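Note sheet for the following structure.
These numbers come from a predicted model, not from an experiment. What's counted below: heavy atoms across the whole structure, side chains too, no hydrogens, waters or symmetry copies.
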Amino acid sequence: NGLTYSTRQFDALVKALRALDPGVGIVAYDMQGMGQTLLGNLDIRKAAIPLENQARDLHDLVRTLKIPGEISVAGLSYGGALELMYANLFPDDFTNFIMFAPLLERLPDQDRLMNYYVNVHRLWFPLDPRNDDELYDYYLRIFIYATYPMAEPIILENPYKLEAVFRMVQGVKNWNAFKNVENLPIGKMHVIGAVQDEHVKIGRLDDYWKHIPKQARASYLRLDGSKHKIPEQWPQVAGAWILQILAKNPNLQTGLIFEGDPYKSVAKHGSIIIPLNKAANCESLLRTVP
């Protein structure tokens, strides 16, 4: 899931996948701090939720379900960061790691603002015994409570969700994908970026793709005409691309970079053209065109 998501926000992608190929099995689950994990769970308010804990929870789920055959994992944003952490810890569990706009590091604008608050606080309250990290978290919590409901109204669906999101951000704030590439599995990493992404900038994602060891790269799709929430904005495109990966399209196994056009329902790399069926429809156009 993305940071403020629950499994419901993947309904459009699940529907698109099932329409394209009813034979694909799908498991959707809520991570700690999301969806149904918040029902009656008050411990969420007491401490940060480390990203590594989320990865180990998923590992336990995979072992518990005992799904036969090959399985792949797909996630958005925070979920993409979880995949990258998971790929370093348990590289053999999944056949493919499919990451939509994965969170790579602290969001630059938010990080600069928090550090500014910490520096001003030091000027005004030089005797405050809290260290910089504690002050950072203090202002981060205020920032999330003050701004996230306006940017992400879904965060108000549960009275504990704001605090849960803060605890998840607190637990992922020191994550840096650039420093965790040595153990990535060979030929399993599939990245999908949104050219107009307002959070994970496409240029930074390009930098990360170059930073991944060549032997780990499988495919990189740069989707034009899309913002951050690719599975919601373009569920048919996302579903079609996932199916190409699951079908082991040989063009998606060697680290090629594709330019995707959801309005034309294609992804291109030079003379290689991959159709993305049922991508452009009235509903998508109405959502994205002024």
*asked:* Is the ring pair Y86/F94 parallel, tilted or perpendicular, if the boundaries are 30 and 60 degrees?
replied: tilted
*asked:* Whether the side chain of N53 engages the backbone of I49 through a donor-acceptor N/O pair (distance < 3.5 Å, no angle test) should be reported.
replied: no
*Do E152 and Y5 get their side chains close enough for a donor-acceptor pair, meaning under 3.5 Å?*
no
*Short question: side chain of Q54, backbone of L82 - any donor-acceptor pair under 3.5 Å?*
no
_For F166, give me all partners under ring-ring contact (aromatic ring centres under 6.0 Å, His included), at least two apart in sequence or on another chain._
none
*asked:* A87: which residues meet the side-chain contact (heavy atoms from CB on, under 4.5 Å) condition with it, sequence neighbours left out?
replied: F97, L184, P185, M189
*Might you work through the side-chain contact (heavy atoms from CB on, under 4.5 Å) test for M99 and I192, ending with a clear yes or no?*
CA-CA 6 Å; M99 294 154 287; I192 301 97; over 6 Å; no
*Give a yes or no on whether the ring-centroid distance for Y220 and H190 is below 6.0 angstrom.*
no
_Residue pairs involving residues 9-29 (criterion side chain to side chain donor-acceptor pair (under 3.5 Å); sequence neighbours excluded)_ = S6-Q9
*Qualifying residue, where the test is salt bridge (Lys or Arg N to Asp or Glu O under 4.0 Å) with D137 and the options are R167, K173, R130*: K173
*Where do K227 and E232 land on the salt bridge (Lys or Arg N to Asp or Glu O under 4.0 Å) test, with the steps shown first?*
CA-CA 10 Å; K227 292 189 176 181; E232 275 189 295; over 6 Å; no
*When you look at L13 and I242, which way does the side-chain contact (heavy atoms from CB on, under 4.5 Å) test go after all the steps?*
CA-CA 10 Å; L13 176 57; I242 287 174; 4.2 Å; yes
*asked:* Any side-chain to backbone donor/acceptor pair from E259 onto K268? Under 3.5 Å, distance only.
replied: no
_Pairwise ring pair (Phe, Tyr, Trp, His ring centres under 6.0 Å) hits with a residue in residues 62-85, at least two apart_ = none
*asked:* Taking side-chain contact (heavy atoms from CB on, under 4.5 Å) as the definition, give me every residue that meets it alongside T95, ordered by chain and number, with sequence neighbours left out.
replied: E70, S72
*With the side chain counted from C-beta on, respond yes when I67 and V27 share a heavy-atom pair under 4.5 Å apart, and no when they do not.*
yes
_Listed partners of D206 passing salt bridge (Lys or Arg N to Asp or Glu O under 4.0 Å), at least two apart_ = R222
*asked:* Quick check for you: to the nearest 0.5 Å, what is the distance between E83 atom CD and L76 atom CG?
replied: 10.0 Å
Tell me which donor-acceptor pairs under 3.5 Å the side chains of residues 210-218 have, and how far apart each pair is, sequence neighbours excluded?
residue: H211; atom: NE2; partner: F178; partner atom: O; Å: 2.8
residue: R217; atom: NE; partner: W209; partner atom: O; Å: 3.2
residue: R217; atom: NE; partner: I212; partner atom: O; Å: 2.9
residue: R217; atom: NH2; partner: K210; partner atom: O; Å: 2.9
residue: R217; atom: NH2; partner: I212; partner atom: O; Å: 3.1

_Please list all pairs meeting salt bridge (Lys or Arg N to Asp or Glu O under 4.0 Å) that have one or both residues in residues 25-39, counting only residues at least two apart or in different chains._
none
*Could you state the interatomic distance from CG (N158) to CG (L38), rounded to the nearest 0.5 Å?*
4.5 Å
*With rounding to the nearest 0.5 Å, note down the distance linking CD1 in I144 to CD in Q170.*
9.0 Å
*Summary of salt bridge (Lys or Arg N to Asp or Glu O under 4.0 Å) pairs that have at least one residue in residues 50-62, sequence neighbours excluded*: E52-R56, D60-R63
*Got a sec, which residues hit ring-ring contact (aromatic ring centres under 6.0 Å, His included) with H199, two or more places apart in sequence or on another chain?*
H228
*L256 and N251: which non-hydrogen atoms are nearest, and at how many Å?*
CD1-O, 3.6 Å
*Which residues pass the side chain to side chain donor-acceptor pair (under 3.5 Å) test with Q110, sequence neighbours left out?*
Y148
*Quick one: ring-ring contact (aromatic ring centres under 6.0 Å, His included) partners of F258, sequence neighbours excluded?*
W241, H269
*Of R204, K201, K179, the residue whose pairing with E105 passes salt bridge (Lys or Arg N to Asp or Glu O under 4.0 Å)*: R204
*Polar side chain donor-acceptor pair, N174 to R106, under 3.5 angstrom*: yes
